[in-house]
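Throughout, numbering of the chain's residues begins at 1 and tracks the sequence.
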Amino acid sequence: MEKAREHIEEIRRTKFSIGGEHNPLTAELHQAIKNLSAELYAKDVRFLMELIQNAEDNDYLEGHPPSLEFVITSEDITATGAPQTLLIFNNEKGFSPKNIDSICSVGRSPKKGYRKRGYIGEKGIGFKSVFRVTSQPYIFSNGYKIRFNEEPCPHCNLGYIVPEWVEENPTLSDIRQIYGATTLPTTTIVLPLKPYKVKHVKQQLLSIHPEILLFLSKIKQLSVREHNKDPRLNTVSAIAIRSETNFVTRRNVNAESYTLHLSATHVECSYYMWKQRFPVRQENKVKRRMKVKELVITLAFPFEEPLNRGMSSPGVYAFLPTEMVTNFPFIIQGDFLLASSRETILLDNKWNQGILDCVPSAFFNAFVALVKTTENVPVSSLAPMFRFIPINNSAYHELNMVRESIKAKLVEEHIVPSESYTQQKFFHKPHEVGRLKPAFRYILEKARKQGVNLLDLSSHGKYILSSSFDEEKYDSIWNFLGLEPVDNEWYAKCIQNSNLVGGVSEDLHLEILLFVADNFMSKFDCTNMKNIPLLKYLGLDGDESLRIIHTCF
């Protein structure tokens with residue numbers, strides 16, 4: 001701790017000329033701080049996202065699952081008169097002297113230029129975004145006990161970046177009492193909240209979406225809770241979110257798939273994750289991503305209803321959620337360039353357009369992998385993949401184009417499984433496959449069990465959708481792909497050419513007749529059905545023959 005304190009004193013003395021000669025750069029530095037302040041207050045910086053982003057970019061000891069905890073309390077442990085205080089606990093390795101130097105500077109993030117190492121931050125705001133909600137943030141980490149103040153320091157006339165050693169208020173004992181354990185995580189940030197920001201902060205805590213962990217590679221545990229001496233005063237619902245990944249991956253087409261499980265306060269959801277790499281095209285290159293050679297796109301498909309904590313699920317992530325709702329049945333993750341507020345992606349940006357252009361291919365490959373190799377995921381998980389709802393917003397034209405591109409790509413591919421009545425799987429283009437009436441599919445299944453040969457069903461004009469997929473719960477898939485029922489003439493051809501009448505039991509023969517009768521006027525009156533021998537006729541000599549319907553009356 002002594003070394004940490006000496007480091008802070010050195011920063012104050014050499015960088016900010018406190019206790020020494022006047023620094024001629026003070027005026028320039030002060031102007032930079034004023035500019036930062038104006039930027040912070042001109043943007044709706046979601047400071048919680050910035051803190052989560054920082055935690056994701058931190059380093060962690062092996063064997064210690066990275067976690068992040070937010071605790072809000074009405075106890076004024078900083079003695080600043082704050083009505084509420086937010087504490088952030090992170091079990092990272094902790095602040096190094098280099099990290100401290102960076103946080104006491106403007107625009108000197110150690111993460112700059114290291115996109116390829118997995119750092120997801122880039123705005124250059126980071127920790128300083130907390131000044132949106134507090135006037136005096138505190139940091140306790142690796143022996144450092146410091147605070148900053150947005151008000152100019154009386155010794156150097158600078159705010160925001162001048163560190164001050166914390167003697168008391170809060171003490172580590174105060175923090176441990178709030179945390180509820182004798183041992184604290186390596187890093188604790190304490191934010192006494194501005195009175196008019198308390199409601200805003202609580203709303204942000206309540207709006208933390210469980211899916212926030214979907215695309216974070218380090219943080220696997222995140223919790224939010226409120227601490228008050230009287231629990232009846234708590235207004236923030238506690239939530240503990242965990243993510244676990246099934247590392248059984250499928251690798252092909254420069255992609256991998258895996259299953260990720262999210263759990264949040266007694267509920268859970270699994271996601272089929274598809275991660276694919278695409279080369280960056282020359283026409284999509286931009287200065288801020290000039291060194292990036294590959295676009296990495298991840299799509300997350302929920303197997304069940306997604307965890308939403310009472311709110312709509314974001315549709316686009318840039319590692320952390322934006323506020324864009326796509327109405328797609330999956331979540332898109334990409335290294336998008338964002339608007340300054342982190343709320344939306346820049347849809348007219350050529351880098352982002354390059355990412356969106358690759359989404360249809362990623363979706364197609366994900367779907368094909370699921371349909372053709374379903375041993376790792378339930379077949380029922382396919383249906384939610386197609387609950388597309390067009391977006392009636394001209395600003396989201398590009399997203400509707402993605403939807404149409406996905407459809408255009410799928411309808412030209414052999415992706416629909418047909419009924420083969422063999423062990424072999426066959427796939428065809430959507431327009432080549434038709435759906436059957438459930439009653440007739442039931443008849444075919446019973447006929448097959450009675451020995452009727454059904455291997456040539458496709459000769460009647462269309463392949464038949466596999467029975468495993470021809471269910472109401474998959475209607476969203478087939479409606480999206482434009483899969484239509486077989487035409488009425490198909491039934492006549494099938495009954496006539498498959499020897500259904502002569503090759504089945506009396507009971508099943510009656511079911512065939514009942515099916516034809518129920519649909520004759522509405523479906524079969526104008527088909528060849530009326531010319532097919534359907535009725536069994538017993539002659540006076542005792543011989544049995546088949547007759548067409550109109551000759552029997």
Side-chain angles (χ1 to χ4, degrees), residues 383 386 407 411 415-422 426-553:
F386 289 86
K407 183 174 182 178
V411 297
I415 59 171
V416 179
S418 68
E419 194 69 82
S420 67
Y421 294 110
T422 68
F426 295 97
F427 296 86
H428 309 279
K429 295 180 179 181
H431 69 85
E432 298 174 339
V433 182
R435 302 184 70 176
L436 292 182
K437 288 181 174 296
F440 195 75
R441 182 177 288 282
Y442 176 74
I443 288 171
L444 288 182
E445 184 59 30
K446 292 185 72 173
R448 184 185 67 83
K449 291 179 180 178
Q450 292 181 15
V452 175
N453 187 341
L454 299 176
L455 297 180
D456 293 327
L457 286 179
S458 61
S459 64
H460 310 320
K462 275 204 172 188
Y463 297 98
I464 301 305
L465 180 62
S466 170
S467 57
S468 300
F469 291 84
D470 197 1
E471 298 183 29
E472 185 178 349
K473 59 185 175 181
Y474 303 130
D475 283 352
S476 57
I477 300 178
W478 312 129
N479 291 340
F480 180 80
L481 293 177
L483 211 68
E484 297 180 351
V486 296
D487 61 31
N488 297 329
E489 198 67 59
W490 186 95
Y491 292 97
K493 293 179 181 178
C494 180
I495 292 174
Q496 184 174 29
N497 298 334
S498 299
N499 192 30
L500 278 184
V501 176
V504 299
S505 66
E506 293 294 331
D507 288 342
L508 187 53
H509 177 220
L510 288 175
E511 289 188 44
I512 295 172
L513 292 177
L514 182 61
F515 171 79
V516 173
D518 286 343
N519 294 277
F520 196 85
M521 296 305 296
S522 61
K523 303 289 184 183
F524 303 138
D525 187 36
C526 297
T527 69
N528 194 47
M529 190 73 76
K530 58 189 176 185
N531 297 317
I532 296 175
L534 291 175
L535 299 179
K536 292 182 179 180
Y537 176 77
L538 187 63
L540 294 176
D541 57 0
D543 289 340
E544 184 180 273
S545 61
L546 294 176
R547 300 289 182 91
I548 60 177
I549 296 174
H550 76 269
T551 63
C552 297
F553 299 97

Novice: Applying salt bridge (Lys or Arg N to Asp or Glu O under 4.0 Å), can you list everything that pairs with Glu445, at least two apart in sequence or on another chain?
Specialist: Arg448
Novice: To check you understand the geometry: which heavy-atom pair defines the closest contact between Ala447 and Leu500, and what is its length?
Specialist: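 Closest pair (atom of Ala447, atom of Leu500, distance): CB-CD2, 3.7 Å.
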Novice: Just distance, no hydrogens or angles: give the donor-acceptor pairs under 3.5 Å from side chains in residues 518-527, sequence neighbours left out.
Specialist:
unit_1	atom_1	unit_2	atom_2	d
Asn519	ND2	Phe515	O	2.8
Thr527	OG1	Phe524	O	2.8
Thr527	OG1	Met529	N	3.1

Novice: Not counting sequence neighbours, which residues clear side chain to side chain donor-acceptor pair (under 3.5 Å) with Asn453? List them please.
Specialist: none
Novice: Is there side-chain contact between Trp490 and Ile464, with heavy atoms separated by less than 4.5 Å?
Specialist: yes
Novice: With a 4.5 Å cut-off on side-chain heavy atoms, are Phe440 and Tyr491 touching?
Specialist: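 Sidechains of Phe440 and Tyr491: in contact.
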Novice: For residues His509 and Val501, determine if any side-chain heavy atom of one lies less than 4.5 Å from a side-chain heavy atom of the other.
Specialist: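 SC-SC contact between His509 and Val501 confirmed.
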Novice: Less than 4.0 Å between a side-chain N and a carboxylate O, is that true for Asp475 and Arg435?
Specialist: yes
Novice: Using 0.5 Å steps for rounding, measure from the CD atom of Glu471 to the CG atom of Leu465.
Specialist: 10.0 Å
Novice: Taking salt bridge (Lys or Arg N to Asp or Glu O under 4.0 Å) as the definition, give me every residue that meets it alongside Lys437, ordered by chain and number, with sequence neighbours left out.
Specialist: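 If we apply the salt bridge (Lys or Arg N to Asp or Glu O under 4.0 Å) test to Lys437, skipping adjacent residues, there are no hits.
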Novice: Mind checking the NE2-CD spacing from His431 to Glu484? Nearest 0.5 Å is all I need.
Specialist: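 Here the interatomic distance stands at 11.5 Å.
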Novice: To the nearest 0.5 Å, how far apart are NZ in Lys429 and CG in Leu483?
Specialist: 14.5 Å
Novice: Could you pull out the closest heavy-atom pair between Arg441 and Ser466, with the gap in Å?
Specialist: NH1-C, 4.3 Å
Novice: Are side-chain heavy atoms of Val516 and Ile495 found at a separation under 4.5 Å?
Specialist: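 With C-beta onward as the side chain, the pair touches.
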Novice: Once side chain to side chain donor-acceptor pair (under 3.5 Å) is applied, do any residues pair with Glu489, and if so which ones, sequence neighbours excluded?
Specialist: none
Novice: Please name all residues satisfying side-chain contact (heavy atoms from CB on, under 4.5 Å) with Lys446, sequence neighbours left out, ordered by chain then number.
Specialist: Tyr442, Leu508, Glu511
Novice: Could you please spell out the steps behind the side chain to side chain contact (heavy atoms under 4.5 Å, CB included) verdict for Val416 and Trp478?
Specialist: CA-CA 9 Å; Val416 179; Trp478 312 129; 4.0 Å; yes
Novice: Can you find a pair of side-chain heavy atoms, one from Asn528 and one from Gln496, that are under 4.5 Å apart?
Specialist: yes
Novice: Sequence neighbours excluded, which residues qualify as side chain to side chain donor-acceptor pair (under 3.5 Å) partners of Ser418?
Specialist: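 Side chain to side chain donor-acceptor pair (under 3.5 Å) list for Ser418, sorted by chain: His428.
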Novice: Mind checking whether Cys494 and Leu444 have side chains closer than 4.5 Å, heavy atoms only?
Specialist: yes
Novice: Suppose we screen for side chain to side chain donor-acceptor pair (under 3.5 Å). Which residues come up paired with Ser498, at least two apart in sequence or across chains?
Specialist: His460
